[in-house]
Amino acid sequence: MSRQVLASLEKHRAQQAPALAVLVDPDRSGPRELINLAQSAQKAQADYIFVGGSLLTRDALETCINTLQQHCSLPVVLFPGSLMQLSPAADALLFLSLISGRNPEYLIGSQVVAAPYLRQMDLEVMPTGYMLIHSGQPTTASYMSGSQPIPWDKPEIASATALAGELLGLRLIYMDGGSGAERPISETMIREVRQAIQVPLIVGGGILTPEKVQGNCQAGADVIVIGNALEKDPSLLAEMVNAAHDGGK
Ligand code: 1GP
């Protein structure tokens, strides 16, 4: 197993060449949809596939990862909503600490439980500061984590939080409005966070158009994550990828 996903994320940052990650919710995609998605992500030259969800209710994670890997060569990265979403079949793990919240279980408790298992798994572990941003209404992520998101119009809180994460040694910062966010994260907030930190910045939640992808990249996002919009209209994928790849310019 190579340990290359973090290095490739850092390269996107260093080269100011933003990337696009397709988010797959294993509960919501059957085998045919997964195969189509894997093949079109490869064809459109998307950069990563993230797999996970704030609440999974079917035992479909392992099959989902295997199907994706059989039909494309993109790195499959776990984006776990809970301890039940760990699998050595993936290429890497976003090892999340929910630094925007004050719920100790999601800051360090689950990580303590997972750590001995992760040591034994052949999985690249990427320490990630995860920040939920208020998006107009409660999301599954904010409800399930029992944490209060950062207010949408307080970029100074977001940048101080991201900086604290970086100073604590976290290697990635992921700002998330939550899946299906009514109001995506503002470019002002992305810009302020970008100026505060050196590590790669991942942004997602409620991004619906290529214009928004491009605007977020210009504001300083290194990776854009899209789930819902592509579930509804997979034909948007190529345009979204192009917007991210052009977004650094
Ligand atoms: C959610 O950032 C992701 O955690 C993606 O959100 O499904 O709204 O694109 P969407």
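Order of appearance sets the numbers: ligands from 1, and atoms from 1 within every ligand.
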Any N/O of [X] closer than 3.5 Å to an N/O of ligand 1?
X      : value
Ile226 : no
Ile207 : no
Tyr130 : no

(Q) Can you tell me which residue among Ile202, Val22, Ile226 is in a side chain to side chain contact (heavy atoms under 4.5 Å, CB included) with Phe50? (A)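 Passing option: Ile202.
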Relative to the heavy atoms of [X], which atoms of ligand 1 are at a distance of less than 4.0 Å?
X      : answer
Leu23  : 1 (C), 3 (C), 5 (C)
Asn228 : 7 (O), 8 (O), 9 (O), 10 (P)
Gly204 : 2 (O)
Gly180 : 7 (O), 8 (O), 10 (P)

Q) CG/Leu20 to CD/Glu239 distance, rounded to the nearest 0.5 angstrom? A)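 It is 12.0 Å, given to the nearest 0.5 Å.
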Q: Report the distance from atom CG of Leu74 to atom CG of Leu37, rounding to the nearest 0.5 Å.
A: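 Spacing of CG (Leu74) from CG (Leu37) equals 9.5 Å.
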(Q) Yes or no: does Phe79 have any heavy atom under 4.0 Å from an atom of ligand 1? (A)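 Yes, Phe79 has a heavy atom closer than 4.0 Å to ligand 1.
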Q: Determine whether any heavy atom of Gly205 lies closer than 4.0 Å to an atom of ligand 1.
A: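 Yes, Gly205 has a heavy atom closer than 4.0 Å to ligand 1.
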**Q.** Residue pair Ser179 / Asn228, side-chain donor-acceptor N/O under 3.5 Å
**A.**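 Indeed, the side chains of Ser179 and Asn228 share at least one donor-acceptor pair under 3.5 Å.
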Q.
Residue-level breakdown please: for Tyr174 versus ligand 1, do any non-hydrogen atoms fall below 4.0 Å on the side chain, on the backbone, on both, or on neither?
A.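 Just the side chain.
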Q: Pick one of side chain, backbone, both or neither for how Asp176 approaches ligand 1, counting any non-hydrogen atom pair under 4.0 Å.
A: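 Side chain only; the backbone of Asp176 stays clear of ligand 1.
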Q) So, Arg28 and Glu33, do they make that salt bridge, N to O below 4.0 Å? A)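 A salt bridge is absent here (no side-chain N lies under 4.0 Å from a carboxylate O).
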Q) What protein heavy atom is closest to atom 7 (O) of ligand 1, reported as residue, atom name and distance in Å? A)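 Closest protein heavy atom to atom 7 (O) of ligand 1: Ser179 OG, 2.6 Å.
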Q. What protein heavy atom sits nearest atom 9 (O) of ligand 1, and how far off is it?
A.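 That would be Gly227 N, 2.8 Å.
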I'd like to know if the side chain of [X] reaches the main chain of [Y], judged simply by a donor and an acceptor atom lying under 3.5 Å from each other, with no hydrogens or angles considered.
X      : Y      : value
Ser110 : Tyr106 : no
Ser100 : Pro149 : no
Asn103 : Ser145 : yes

Q: Take Phe79 and Tyr174 through the test ring pair (Phe, Tyr, Trp, His ring centres under 6.0 Å) and record every step on the way to the result.
A: CA-CA 10 Å; Phe79 172 39; Tyr174 187 159; 4.8 Å; yes
